[in-house]
Amino acid sequence: MHTILRDRIRTGLYPGVIPPGILDRIVALTVEGGDLRVGIDLLKHAVLSAERDARTVVGEQDVTTAFETVRGARLHLLIEGLKPDQEQLLSHIVRMKQENQTVPPLTSRTLYESFKKTRDVSYTAFHTRLTRLSDLRLIDLNRRAAKGNAHEIELRFDPGGLMEGK
């Protein structure tokens, strides 16, 4: 990712607009976002932020502001692109996380038992939806050191703003 973003900077910007430390920060945020398009959008928005302030060098604050913008837009697009059954499961996860903030971590078993009360769904279909949410990097599935195929479920975004797009 570093090489691709560096090449984009060389092609599209004057030398020195993105200092090496700022490029490293953009690469780290791109990796966190899990998609090279995040990095390209991040470059664009950070440069536009510096231009708005009449600066010729992108700073840390430009990158931070740009990341919030890019992350929010990407999140909105991801949620908009979910199938209804995937969105229902994500909404259920958000509700459970918001209702049980101090309770032990949300497990796939606890989630399935709760979700099954609201929807007629097999465990296979449930697990397929859960895996898709993980593949989209909306949630993290962390394998537990327990009997069976148990996972702890963590949202990758603030639950307060997660479902605003829907």
**OP:** Only counting residues at least two apart or in another chain, list the ones meeting salt bridge (charged side-chain N to carboxylate O under 4.0 Å, His left out) with K44.
**Re:** none
Is a salt bridge present between [X] and [Y], judged by a nitrogen-to-oxygen distance below 4.0 Å?
{"X": "E113", "Y": "K116", "answer": "no"}
{"X": "E154", "Y": "K97", "answer": "yes"}
{"X": "D35", "Y": "R137", "answer": "no"}

Where is the tightest heavy-atom contact between [X] and [Y], given as atom of each residue plus distance?
{"X": "R55", "Y": "S49", "answer": "NH2-O, 4.1 Å"}
{"X": "V63", "Y": "L42", "answer": "O-CD1, 3.7 Å"}
{"X": "L90", "Y": "I139", "answer": "CD1-CG2, 4.3 Å"}
{"X": "I18", "Y": "L43", "answer": "CD1-CD2, 4.1 Å"}
{"X": "A66", "Y": "A46", "answer": "CB-N, 3.5 Å"}
{"X": "V121", "Y": "F126", "answer": "CG2-N, 3.7 Å"}

Whether the side chain of [X] engages the backbone of [Y] through a donor-acceptor N/O pair (distance < 3.5 Å, no angle test) should be reported.
{"X": "T128", "Y": "T124", "result": "yes"}
{"X": "T64", "Y": "E60", "result": "yes"}
{"X": "S134", "Y": "L130", "result": "no"}
{"X": "D62", "Y": "G59", "result": "yes"}

Decide yes or no for [X] and [Y]: does some side-chain heavy atom of the first lie under 4.5 Å from some side-chain heavy atom of the second?
{"X": "V57", "Y": "P19", "value": "yes"}
{"X": "I40", "Y": "L36", "value": "yes"}
{"X": "L111", "Y": "L89", "value": "yes"}
{"X": "L106", "Y": "E152", "value": "no"}

Reported [atom1]-to-[atom2] distance for the pair [X] and [Y], which is rounded to 0.5 angstrom:
{"X": "Q86", "Y": "S91", "atom1": "CD", "atom2": "OG", "value": "11.5 Å"}
{"X": "R6", "Y": "D24", "atom1": "CZ", "atom2": "CG", "value": "11.0 Å"}
{"X": "L82", "Y": "L138", "atom1": "CG", "atom2": "CG", "value": "6.0 Å"}
{"X": "L136", "Y": "R132", "atom1": "CG", "atom2": "CZ", "value": "4.0 Å"}
{"X": "L29", "Y": "E68", "atom1": "CG", "atom2": "CD", "value": "9.5 Å"}
{"X": "H45", "Y": "T65", "atom1": "NE2", "atom2": "OG1", "value": "12.0 Å"}

ILVMFWY network linking [X] to [Y], side-chain heavy atoms under 4.5 angstrom:
{"X": "V38", "Y": "L133", "value": "no"}
{"X": "L77", "Y": "F67", "value": "no"}
{"X": "F157", "Y": "V31", "value": "no"}
{"X": "V70", "Y": "L75", "value": "no"}
{"X": "L13", "Y": "L48", "value": "no"}

Original post:
Looking at residues at least two apart in the chain, or sitting in another chain, which of them share a ring-ring contact (aromatic ring centres under 6.0 Å, His included) with H2?
Top reply: none
Original post:
Can you name the one residue among T3, I9, I4 that meets side chain to side chain contact (heavy atoms under 4.5 Å, CB included) with D7?
Top reply: T3
Original post:
Counting only heavy atoms not in R74, do more than 12 sit closer than 6.0 Å to its CZ atom?
Top reply: yes
**OP:** Step through the shown structure and confirm whether more than 12 heavy atoms of other residues, nucleotides or ligands are within 6.0 Å of CZ on R119.
**Re:** yes
Original post:
Is a side-chain donor-acceptor pair under 3.5 Å present for T107 with T110?
Top reply: yes
Subject >> Distance-only side-chain donor-acceptor flag, H76 / E80, under 3.5 Å >> reply: yes
**OP:** Kindly state whether the ring of F115 and the ring of Y112 have centres lying under 6.0 angstrom apart.
**Re:** no
